[in-house]
Engineer: 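Below is a structure I'd like to ask you about.
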Amino acid sequence: MRVRHSLRWLRTLLVVLAITGLVILGATGLSQAQKPASANQPTNPIGVDPLDATVSPPKLLSVPGGRKLMDEAAQAIARNDYKLAVSKLQDARQVFNQVSTFHSQLVSSFTGIDNQVAESQRRRAGEAAEMRDQATYQLALVHRAQQEPDLAVPLLVQIIRSQQPTRELGQKAYQQLLEIGFVDVPFPRFGDTAPKPSTPVVPAQPQSRPAQPSPAPSPAPAPR
């Protein structure tokens with residue numbers, strides 16, 4: 001009888017200990033779950049990929065924001081403040097490139113789902129890429145004006161790869177490479193369509209087309 005009573009008491013003790021352990025573990029897990037997040041824990045309130053450290057502020061992440069930077073660069077050029085102009089044009093390139101990239105990502109997301117949305121985003125991506133190449137070309141001209149052809153060459157090559165040599169901006173970029181001496185074969189090489197040599201001067205405002213000279217009057221017919 002004593003042995004049975006001891007065994008029954010031992011089983012009861014083991015059950016009590018097991019239940020007590022489960023209660024303690026559950027309370028510990030609940031307290032950890034209710035702890036506030038650490039102040040050093042990174043947050044992502046606007047859904048931006050934390051790996052993309054080049055994302056610009058929302059007020060600049062637009063084509064108008066990039067255009068504003070280009071306007072500020074033109075004003076700096078007019079004051080011969082090339083250092084500020086370089087900074088503004090670099091920022092403009094970054095903004096336009098990001099806008100083009102994000103629109104391109106939306107194209108891939110909507111292709112096959114809504115072709116109208118995809119086509120609209122493709123058009124916007126192309127417009128932003130065109131503005132990026134324009135800013136890149138202006139930046140290359142600024143480097144040329146500062147006698148820094150080694151900084152202009154990579155930019156001009158990027159433009160040609162993006163625009164293709166047959167487009168106007170691509171031909172202008174190649175002409176700059178020709179004047180720098182980085183290439184030695186003119187392009188194109190037929191008729192009067194070859195680009196004319198240009199000087200490495202950065203215009204502050206778009207230049208107007210020169211007036212065409214009026215044709216000389218034809219001589220009066222001789223009297224008979």
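We're numbering straight along the sequence, starting at 1. All values below come from the heavy atoms of this structure, side chains included, with hydrogens, waters and symmetry mates left out.
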Engineer: Check R144 with E148, please: is the shortest side-chain N to carboxylate O separation under 4.0 Å?
Structural biologist: no
Engineer: With a 4.5 Å limit on heavy-atom distance, are the side chains of T136 and F96 in contact?
Structural biologist: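 Of all side-chain heavy-atom pairs linking F96 with T136, none is under 4.5 Å.
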Engineer: Can you see which heavy atom on A173 is nearest to which on I160, and at what distance?
Structural biologist: CB-CG1, 3.8 Å
Engineer: Can you tell me if Q134 and R93 form a side-chain donor-acceptor pair at under 3.5 Å?
Structural biologist: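 Judged by distance alone, the side chains do not pair up.
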Engineer: Between F110 and V99, is there shared hydrophobic-cluster membership here, with clusters defined by ILVMFWY side-chain heavy atoms closer than 4.5 Å?
Structural biologist: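 No; tracing contacts between hydrophobic side chains, which count when under 4.5 Å, never links both residues.
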Engineer: Please answer whether the main-chain N or O of N97 pairs with a side-chain N or O of T101 as donor and acceptor at a distance below 3.5 Å.
Structural biologist: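 Answer holds: yes.
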Engineer: Could you walk me through whether Q116 and D114 pass side chain to side chain contact (heavy atoms under 4.5 Å, CB included), step by step?
Structural biologist: CA-CA 6 Å; Q116 184 176 359; D114 191 322; 3.5 Å; yes
Engineer: If we only count heavy atoms from C-beta on, is the Q176 to Y137 side-chain gap below 4.5 Å?
Structural biologist: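 Q176 reaches Y137 side chain to side chain.
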Engineer: Is D184 atom CG crowded by more than 12 heavy atoms from other residues, nucleotides or ligands, each under 6.0 Å away?
Structural biologist: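 For D184, atom CG is not crowded (no more than 12 foreign heavy atoms under 6.0 Å).
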Engineer: With R67, which residues qualify under salt bridge (Lys or Arg N to Asp or Glu O under 4.0 Å), at least two apart?
Structural biologist: none
Engineer: Less than 4.5 Å apart, side chain to side chain, heavy atoms only: is that true for I180 and L156?
Structural biologist: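 Heavy-atom side-chain distance check passes, below 4.5 Å.
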Engineer: Is the closest basic N to carboxylate O distance between E127 and R123 below 4.0 Å?
Structural biologist: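 Between R123 and E127 there is a salt bridge, with a charged N closer than 4.0 Å to a carboxylate O.
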Engineer: Between the main-chain N or O of A125 and the side-chain N or O of S104, is there a donor-acceptor pair closer than 3.5 Å?
Structural biologist: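 Checked: no pair found.
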Engineer: Between V63 and V107, is there a shared hydrophobic cluster once you connect ILVMFWY residues whose side-chain heavy atoms come closer than 4.5 Å?
Structural biologist: no
Engineer: As a quick check of understanding, evaluate side-chain hydrogen bond (donor to acceptor under 3.5 Å, both in side chains) for E179 and Q175, giving each step before the final call.
Structural biologist: CA-CA 6 Å; E179 295 175 10; Q175 177 65 26; 3.2 Å; yes
Engineer: Establish, from distance only, whether the side-chain atoms of E130 and Q163 form a donor-acceptor pair under 3.5 Å.
Structural biologist: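 On atom types as modelled, these side chains qualify, holding a pair under 3.5 Å.
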Engineer: With distance as the sole test, does S109 use its side chain to make a donor-acceptor pair with the main-chain N or O of Q105 at under 3.5 Å?
Structural biologist: yes
